[in-house]
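First the structure, in the form of structure tokens, and then the observations on it.
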Amino acid sequence: PPDQSDLLHVHPRTHPNWHKSQMDFERPDVDTFPDYVHARGVQVTLEPGDVLYIPPYTWHYVETLSPSVSLSTWSHDMNVYHHMRPVYRYDHKFDIINNAEGKKFALRMYIDSMVNKMYGYNMTSEFMARLVSNRFRALAHIYPPADADICARNSSQPGRIPTARHVVGDVNLDMQIIYPHFAQLTAVTRDILFADYIEELAAEVVGAERVLDFFHHCFRGQDYYVTSMDDEEHALW
């Protein structure tokens, strides 16, 4: 069922196999994916004339036992479509920031704010650590060498994330518009789609090849400081 997605180690959204599990179900690598031993599924054998309904976001694996013909058809969860279509059509305020670093830091604040709203205050580091472990742990080798300084700046306040007052306001506006759509989804559906959503945002801002670095190094509890007209960092905005 959908609530076992983390145990199945779904491919990242930016991976060509994004809607599939990383597991080899015939030869599971429990050394790389130890959580898989806790996964529980249902096994059924279809006979001629049988119909199997698979609910939305339910993971499934099919094996043909004998020469046969089968037909599959897709249906859509219109409630999900109703809420996710405006989410993906929305133009976020950080998109209009010209400076690439400024856009990155604004996205960091937006993701931080959304996670705090949905999962609780100060939960971002834990959320990101779980996301990286579940989706990227076995795929680090396909990414460029790690850039631990992806969220660092040579400023008077090293180790902190710069922002501006208008960026804070824009982030809050974006969150007020987008959060209610996720809030209307069931918890397990929301978790899957929200992870996909922030991966896509990160790929657009930092590039698909740096998504892992962004998630791994930019959400370790760094706090913010507000730049002023006298700061070199104010050019970010």
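- Cation-pi contact between K103 and F94: absent, since separation from the ring centre below 6.0 Å together with deviation from the ring axis within 45° is not met.
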For D112 and Y224: C-alpha separation, side-chain torsions, deciding distance, then whether side-chain hydrogen bond (donor to acceptor under 3.5 Å, both in side chains) applies.
CA-CA 11 Å; D112 195 14; Y224 301 93; 2.8 Å; yes
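- For S113 (side chain) and M109 (main-chain N/O), a donor-acceptor pair under 3.5 Å exists by modelled atom type.
- Here the two rings, on Y90 and H92, have centers that are under 6.0 Å apart.
- Judged by distance alone, with hydrogens and angles left aside, the side-chain atoms of H11 form a donor-acceptor pair with the main-chain N or O of K20 at under 3.5 Å.
- Between the side chains of E126 and Y119, no donor-acceptor pair of N or O atoms lies under 3.5 Å.
- Side-chain atoms of D149 never come within 3.5 Å of backbone atoms of A152 as a donor-acceptor pair (strictly under, hydrogens ignored).
- Within the 4.5 Å cutoff, the side chain of V188 has no heavy atoms near those of the S5 side chain.
- Here F194 and F127 bring their ring centres to under 6.0 angstrom of each other.
- Using a 4.5 Å cut-off on side-chain heavy atoms (C-beta onward), W237 and F105 make contact.
- Side-chain atoms of T32 never come within 3.5 Å of backbone atoms of D29 as a donor-acceptor pair (strictly under, hydrogens ignored).
- Side-chain contact between H181 and P86 is present, with heavy atoms from C-beta onward closer than 4.5 Å.
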